[in-house]
Amino acid sequence: MMRLLHSLAVVVLILLSTVAHGQQKAQFLPPDPFVMTSVSYVIDVDITPESSLVAATMQLKYQNTSNDTLTHIWFQVGCNISPVDSTFHDSLPLPDGRCFIDSVSMQGVTVGGDSLTFDGNVLEIRMPSRILPGKTGYFQITFKTKPPAPTQEENDAIVMRLVNWYPKVCRYVDSGWLTDSAVSMRENEGERADYDLRVNIDTSLSLIFAAHLLNEKHHYGLLPRFADGTVYEDFTNRNGMGIDGLKYRSVFDQAKKPYLLRTVNVTGFPVIVSKRLLRDRIKNESLAIEVCYRPSDSTLWGGFVASSAYELMKRLESRLGKLPPRYITIAESDGDDMGALSERLLVMPRTITDPDLLYTALAFQLAAVWPFEKPVDSTSARDGQHDDVRELLTERFAADSDKMIDKYKTWYDKHYRAQGR
């Protein structure tokens with residue numbers, strides 16, 4: 001009897017542990033109702049803003065979902081990619097726009113010499129062992145990246161913009177690797193993957209990202225439960241209260257603070273390193289939007305961008321279908337840069353100071369992030385030709401909707417086409 005009771009207790013403990021683990025996982029990783037990924041990245045990143053240097057170790061798991069036996073694997077990065085020269089020392093400055101590969105290994109076997117081929121922004125690896133159909137290969141790559149220097153306008157707030165900053169496995173389609181696709185400042189093309197990142201940065205800086213922040217409590221303290229559809233302006237400062245109403249102050253060791261980030265089923269993981277920005281948040285059970293902007297622009301951006309984006313997303317979902325990415329981040333961009341750095345991270349220019357024009361630009365740019373059920377041509381977003389968006393703007397501006405669309409197109413032509421973008 002005692003043995004039976006002991007066995008039952010063990011079973012109950014296992015079940016409780018499984019349920020608790022499932023609840024914890026679901027809190028950070030809500031299930032996505034679409035294709036499973038064949039790639040996962042675990043990246044440990046150290047960012048040194050003084051030298052604009054990113055040093056990282058990346059562990060990659062790649063499952064061969066094709067019917068072919070793979071003997072080579074290809075990676076692509078936005079910067080010019082090359083091996084670290086044997087004479088390289090960390091004290092020597094690296095040129096901007098370069099990604100240097102320190103080491104590559106597969107299944108614990110070091111890969112080097114003629115097995116690595118560098119061609120512009122593409123790295124080809126002749127693998128020491130094949131990956132059979134349905135099987136998985138494990139890689140580790142250490143690298144350093146020095147992204148292009150920020151523009152003069154960005155120096156006020158944006159310290160570094162990391163887009164296509166790491167070696168990203170190319171897509172394998174129809175017995176071939178897609179290695180010649182255009183590499184730009186967007187990450188909407190590529191093999192869908194899951195990501196776990198640990199990013200270490202100086203405590204004086206902040207990180208803008210579109211992912212689950214696993215150590216949010218460490219950064220912000222105990223936040224209140226967010227009510228559905230309510231905008232929380234500057235939530236990290238106004239709501240981070242501790243015992244007896246004292247403001248929570250995060251403490252990090254060695255003047256560095258870690259961001260533990262996780263996201264699933266995306267085509268890339270861009271991040272922006274910035275000086276202090278305010279953060280707004282609005283969410284419900286299926287959609288979360290975070291907005292990042294500088295304090296000097298809070299008169300226009302504070303609350304307005306978050307509430308407008310939330311309203312537009314809900315109304316667009318009724319027309320275009322549920323958007324699988326259940327959260328999106330909108331960051332204020334220096335200069336005139338606008339659009340999606342990835343399907344979940346959107347930048348909007350701070351040079352738009354008219355709230356009606358900003359609302360109109362948001363409507364077209366948010367519609368362009370629908371890549372699944374009903375793809376939207378980005379050209380239609382640029383030119384203001386999307387029928388669903390035009391209907392939404394008619395509901396808001398009534399007879400003035402065409403005038404607002406023309407104003408948006410005029411602004412776009414002035415700031416983008418005139419610069420050859």
Side-chain angles (χ1 to χ4, degrees), residues 39-63 72-129 131 136-148 160-170 179 183 187 190-191 193-202 207 209 211 254 256-263 268-271 273:
V39 186
S40 66
Y41 299 88
V42 177
I43 311 178
D44 200 324
V45 188
D46 251 299
I47 298 177
T48 307
E50 295 83 5
S51 58
S52 299
L53 188 65
V54 178
T57 298
M58 178 174 75
Q59 297 179 23
L60 170 77
K61 182 176 72 173
Y62 180 81
Q63 183 180 16
H72 294 67
I73 189 169
W74 295 72
F75 291 83
Q76 193 171 52
V77 68
C79 303
N80 188 18
I81 190 169
S82 59
V84 172
D85 188 88
S86 59
T87 61
F88 171 76
H89 299 283
D90 288 340
S91 59
L92 298 178
L94 294 178
D96 292 341
R98 299 290 295 274
C99 177
F100 291 88
I101 303 297
D102 285 303
S103 65
V104 177
S105 64
M106 178 188 180
Q107 323 284 80
V109 177
T110 300
V111 183
D114 294 339
S115 295
L116 300 179
T117 302
F118 300 88
D119 183 11
N121 52 35
V122 176
L123 165 66
E124 178 188 4
I125 300 176
R126 188 172 73 245
M127 297 183 291
S129 58
I131 305 180
T136 301
Y138 298 87
F139 302 84
Q140 179 167 301
I141 300 176
T142 58
F143 63 95
K144 297 180 179 70
T145 297
K146 190 172 185 184
M160 298 173 69
R161 181 178 293 186
L162 304 180
V163 184
N164 288 310
W165 54 277
Y166 56 95
K168 181 167 61 175
V169 66
C170 298
T179 62
V183 175
E187 293 198 6
E191 190 70 59
D194 300 338
Y195 289 83
D196 284 273
L197 267 68
R198 177 187 176 95
V199 183
N200 295 304
I201 65 170
D202 189 273
L207 207 64
F209 51 86
Q254 301 176 346
K256 288 273 190 176
K257 59 181 176 183
Y259 284 84
L260 306 181
L261 307 174
R262 178 177 295 171
T263 189
F269 203 126
V271 294
V273 182

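Side chains are part of it too, since the values below use all heavy atoms of this structure and drop only hydrogens, waters and symmetry mates.
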Trainee: Testing V169, D194, I141 one by one against Y41 for a side chain to side chain contact (heavy atoms under 4.5 Å, CB included), which residue passes?
Mentor: V169
Trainee: Under 3.5 Å, is there a donor-acceptor pair between the side chain of Q140 and the main chain of T57?
Mentor: no
Trainee: Do V45 and V271 pass the side-chain contact (heavy atoms from CB on, under 4.5 Å) test, and can you show the C-alpha distance, the side-chain angles, and the key distance before you say yes or no?
Mentor: CA-CA 12 Å; V45 188; V271 294; over 6 Å; no
Trainee: Side chains of C79 and T145, heavy atoms from C-beta outward: is any pair under 4.5 Å?
Mentor: yes
Trainee: Hey, could you give me the CG/OG1 distance between D102 and T142, rounded to the nearest 0.5 Å?
Mentor: 4.5 Å
Trainee: Which residue is it: I125, I81, V104? I am looking for the one with a side chain to side chain contact (heavy atoms under 4.5 Å, CB included) to F75.
Mentor: I125
Trainee: Can you see which heavy atom on D114 is nearest to which on R126, and at what distance?
Mentor: O-NH1, 3.5 Å
Trainee: Less than 4.5 Å apart, any side-chain heavy atom of L123 and any of V77?
Mentor: no
Trainee: Evaluate M106 against I131 for side-chain contact (heavy atoms from CB on, under 4.5 Å), listing each step before the verdict.
Mentor: CA-CA 11 Å; M106 178 188 180; I131 305 180; 3.9 Å; yes
Trainee: Please report the closest heavy-atom contact between N80 and N121, naming both atoms and the distance.
Mentor: OD1-N, 4.4 Å
Trainee: Can you tell me how far the CG atom of N200 sits from the CG atom of D44, to the nearest 0.5 Å?
Mentor: 6.0 Å
Trainee: Give me the atom names and distance for the closest heavy-atom approach of T179 to Q76.
Mentor: O-NE2, 3.2 Å
Trainee: With a sphere of 6.0 Å drawn around CG of D96, does it hold more than 12 non-hydrogen atoms of other residues, nucleotides or ligands?
Mentor: yes
Trainee: Which distance, rounded to the nearest 0.5 Å, do you find between the CZ of F209 and the CG of L162?
Mentor: 13.5 Å
Trainee: So do L207 and V273 actually touch side chain to side chain, heavy atoms under 4.5 Å?
Mentor: yes
Trainee: Can you tell me how far the CG atom of L60 sits from the NZ atom of K168, to the nearest 0.5 Å?
Mentor: 12.5 Å
Trainee: Restricting to side-chain hydrogen bond (donor to acceptor under 3.5 Å, both in side chains), what partner residues turn up for S105, sequence neighbours left out?
Mentor: none
Trainee: For residues F143 and C99, determine if any side-chain heavy atom of one lies less than 4.5 Å from a side-chain heavy atom of the other.
Mentor: yes
Trainee: Heavy atoms only: give me the nearest F100-P83 pair and the separation to one decimal.
Mentor: CD2-O, 3.8 Å
Trainee: Kindly compute the distance separating CG (D119) from CD (E124), expressed to the nearest 0.5 Å.
Mentor: 9.0 Å
Trainee: Taking all non-hydrogen atoms of both residues into account, name the closest pair between M58 and I43 and its distance.
Mentor: CG-CG1, 3.7 Å
Trainee: Can you tell if the side chain of P49 reaches within under 4.5 Å of the side chain of I201, non-hydrogen atoms only?
Mentor: no
Trainee: Just to verify, what does S51 make a side-chain hydrogen bond (donor to acceptor under 3.5 Å, both in side chains) with, not counting sequence neighbours?
Mentor: none
Trainee: Rounded to the nearest 0.5 Å, how far does OG of S40 lie from OH of Y62?
Mentor: 12.5 Å
Trainee: Determine the minimum heavy-atom distance between Y195 and Y166, stating which atoms define it.
Mentor: OH-OH, 2.6 Å
Trainee: List the residues meeting side-chain hydrogen bond (donor to acceptor under 3.5 Å, both in side chains) with S82, not counting sequence neighbours, and say none if there are none.
Mentor: R98
Trainee: Taking only Lys NZ, Arg NE, NH1 and NH2, and the carboxylate oxygens of Asp or Glu, determine whether D46 and K256 approach each other closer than 4.0 Å.
Mentor: yes
